[in-house]
S.K.: 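What follows is a structure written as structure tokens; I'll ask about it next.
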Number of protein chains: 2
Amino acid sequence: MTCDSSSTAATDEPRPADSRAEAFQEVRSARRNELAEDYVELIAELIHEHGEARPVAIAARMGVRAPTVTKALDRLAREGLITRERYRSVFLTEKGRALAHECRRRHEIVLRFLIRLGLDAETAERDAEGIEHHVSERTLALFEAYADQV
Amino acid sequence: MTCDSSSTAATDEPRPADSRAEAFQEVRSARRNELAEDYVELIAELIHEHGEARPVAIAARMGVRAPTVTKALDRLAREGLITRERYRSVFLTEKGRALAHECRRRHEIVLRFLIRLGLDAETAERDAEGIEHHVSERTLALFEAYADQV
DNA sequence: GTAAATTCTTAGCCAAGACTAACTTTTTTG
DNA sequence: CAAAAAAGTTAGTCTTGGCTAAGAATTTAC
């Protein structure tokens with residue numbers, strides 16, 4: 001049943017030009033950034049609420065253990081999103097603050113949209129947490145339009 | 001600075017820090033299943049379109065290399081979602097077929113909803129791919145209602 | 001001002017998911 | 001049917017993101 005002759009000839013391209021494949025690659029790429037975004041967003045919230053972001057608080061809110069946080073923070077620091085000193089609080093860099101702001105914006109739009117659609121607040125919060133990393137700017141604009149319009 | 005214990009930790013919690021942690025844990029749990037769902041959905045599609053699902057076709061559509069597919073299929077087999085023989089096509093088990101069906105359903109609902117909202121087909125397809133794994137049954141129902149209503 | 005408790009880090013383990021290189025099996029093709 | 005091509009697997013590497021156990025640093029409490 002090898003009927004699809006067009007798909008696999010001499011593979012010159014290391015990256016398949018298949019639009020389906022591209023979509024999956026984009027999703028995977030988005031998935032890679034999700035955790036970093038979650039952390040940065042959470043750090044911004046903690047700083048806003050408590051004046052600082054301690055690893056122990058991050059761990060509690062993320063629902064993970066302390067060493068997991070340490071590792072994640074190392075990575076965020078490597079990526080230039082936060083600054084930190086050993087055994088001390090975490091601070092966002094300019095870049096980190098920008099990302100946090102962007103995330104917050106997306107989160108708010110998705111959340112507001114879901115609630116406008118008729119979803120209960122708690123489910124909306126949970127769904128928004130998952131969805132916010134996967135909505136394009138275009139979709140976001142439509143979500144906003146809908147929420148405003150009603 | 002260490003206002004944690006006095007101000008917001010023990011007493012007021014309108015939303016206990018726990019519920020945030022739970023939300024994140026749920027998202028992480030969803031993320032863990034995403035790839036398996038993508039594979040199963042794709043395998044079902046390939047079988048439907050071509051009568052069989054070959055690893056080479058899966059790799060092309062997923063946008064990954066062959067060994068990645070082999071490993072993924074090992075895992076799917078371990079989880080009882082597919083059956084396979086070495087160097088042969090892949091088949092869904094009853095469980096795999098059920099999951100594929102469920103995924104397809106979610107995908108369709110999200111896609112239809114986004115298009116009804118006014119999104120172009122291509123972006124809708126891309127966003128649906130990312131969103132479908134993160135919508136609750138409740139949200140799905142609202143998406144359906146909206147798409148039908150308009 | 002020291003001892004206890006808490007917080008944070010390090011070290012080491014594991015599984016997933018990506019890759020390349022190299023090998024085996026199957027299929028195609030002169 | 002034998003050689004070449006394609007498909008699939010294995011082996012080995014890397015990174016991420018979890019975890020526990022144990023040790024170091026800091027903070028609290030007596």
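If you're wondering where the values come from, they're calculated on a predicted model, not measured in any experiment. Quick note on labels: first sequence line is chain A, next is B, and so on, each numbered from 1.
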S.K.: Indicate whether OP1 or OP2 belonging to D/dG18 is found under 4.0 Å from a side-chain N or O atom of A/Arg75.
M.R.: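 Checking A/Arg75 against D/dG18: no side-chain N or O falls below 4.0 Å of OP1 or OP2.
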S.K.: Can you tell me the distance, in whole Å, between the CZ atom of A/Arg54 and the P atom of C/dT6?
M.R.: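 It works out to 14 Å between those atoms.
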S.K.: Please tell me if the side chains of B/Phe143 and B/Leu117 come closer than 4.5 Å, counting only heavy atoms from C-beta onward.
M.R.: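 SC-SC contact between B/Phe143 and B/Leu117 ruled out.
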S.K.: OP1 or OP2 of D/dT9 versus the side-chain N and O atoms of B/Thr70: is any pair under 4.0 Å?
M.R.: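 Yes, such a contact exists.
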S.K.: Between C/dA18 and B/Arg65, is there an OP1 or OP2 to side-chain N/O distance shorter than 4.0 Å?
M.R.: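 For C/dA18, OP1/OP2 do not have a side-chain N/O of B/Arg65 under 4.0 Å.
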S.K.: Provide, to the nearest angstrom, the distance between the CE atom belonging to A/Met62 and the P atom belonging to D/dG18.
M.R.: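 So the CE-P distance, A/Met62 to D/dG18, works out to 6 Å.
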S.K.: Any idea which of D/dG18, C/dT9, C/dA18 is nearest the B/Val64 side chain?
M.R.: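 Looking only at heavy atoms from C-beta outward on B/Val64, the closest nucleotide is C/dA18.
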S.K.: For residues B/Ser136 and A/Thr123, report the shortest heavy-atom separation together with the two atoms involved.
M.R.: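 In this case the closest contact between B/Ser136 and A/Thr123 is OG-CG2, 3.3 Å.
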S.K.: Any idea which of C/dA18, C/dC8, D/dG18 is nearest the A/Tyr87 side chain?
M.R.: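 Ranking C/dA18, C/dC8, D/dG18 by closest atom to the A/Tyr87 side chain puts C/dC8 first.
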S.K.: Describe the nucleic acid contact of B/Arg31 in one word from base, sugar-phosphate, nothing, applying a heavy-atom distance below 4.0 Å.
M.R.: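 Touches nothing.
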S.K.: Expressed in angstrom and rounded to an integer, what is the separation of B/Arg88 atom CZ from D/dA6 atom P?
M.R.: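 Taking CZ of B/Arg88 and P of D/dA6, I get 19 Å after rounding.
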S.K.: Would you please confirm or rule out a distance under 4.0 Å between OP1 or OP2 of D/dG17 and any side-chain N or O of B/Arg28?
M.R.: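 Checking D/dG17 against B/Arg28, no side-chain N or O comes under 4.0 Å of OP1 or OP2.
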S.K.: Would you say C/dC19 has OP1 or OP2 under 4.0 Å from some side-chain N or O of B/Thr68?
M.R.: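 For C/dC19, OP1/OP2 do have a side-chain N/O of B/Thr68 under 4.0 Å.
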S.K.: Between C/dG17, D/dA24, D/dT9, which nucleotide has the shortest distance from any of its atoms to the side chain of B/Pro67?
M.R.: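 Output: D/dT9.
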S.K.: How many Å lie between CD on A/Glu34 and C1' on D/dG17, as a whole number?
M.R.: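 Answer to the nearest Å: 13 Å.
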S.K.: Counting side-chain heavy atoms from CB outward, which of D/dA24, D/dT9, C/dA18 is closest to B/Ala66?
M.R.: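 Within the option list, the nearest is D/dT9.
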S.K.: Rounded to whole angstrom units, what separation is found between the CG atom of A/Asn33 and the C1' atom of D/dG17?
M.R.: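 Between C1' of D/dG17 and CG of A/Asn33: 15 Å.
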S.K.: Among B/Arg104, B/His107, B/Arg106, B/Arg105, find the one that has a side chain to side chain donor-acceptor pair (under 3.5 Å) with B/Glu132.
M.R.: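 That would be B/His107.
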S.K.: Answer yes or no: does atom CZ of A/Arg31 have more than 12 heavy-atom neighbours from other residues, nucleotides or ligands under 6.0 Å?
M.R.: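 Yes.
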S.K.: Choosing from D/dT9, C/dC8, D/dG17, which nucleotide comes nearest the side chain of A/Lys71?
M.R.: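 For the A/Lys71 side chain, the nearest candidate turns out to be D/dG17.
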S.K.: Answer whether the closest heavy-atom distance between the side chains of B/His101 and B/Arg97 falls below 4.5 Å.
M.R.: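 No. Closest side-chain heavy atoms not under 4.5 Å.
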S.K.: Tell me whether the side-chain N/O atoms of A/Arg78 come closer than 4.0 Å to OP1 or OP2 in D/dT15.
M.R.: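 The answer is no; no side-chain N or O of A/Arg78 sits under 4.0 Å from OP1 or OP2.
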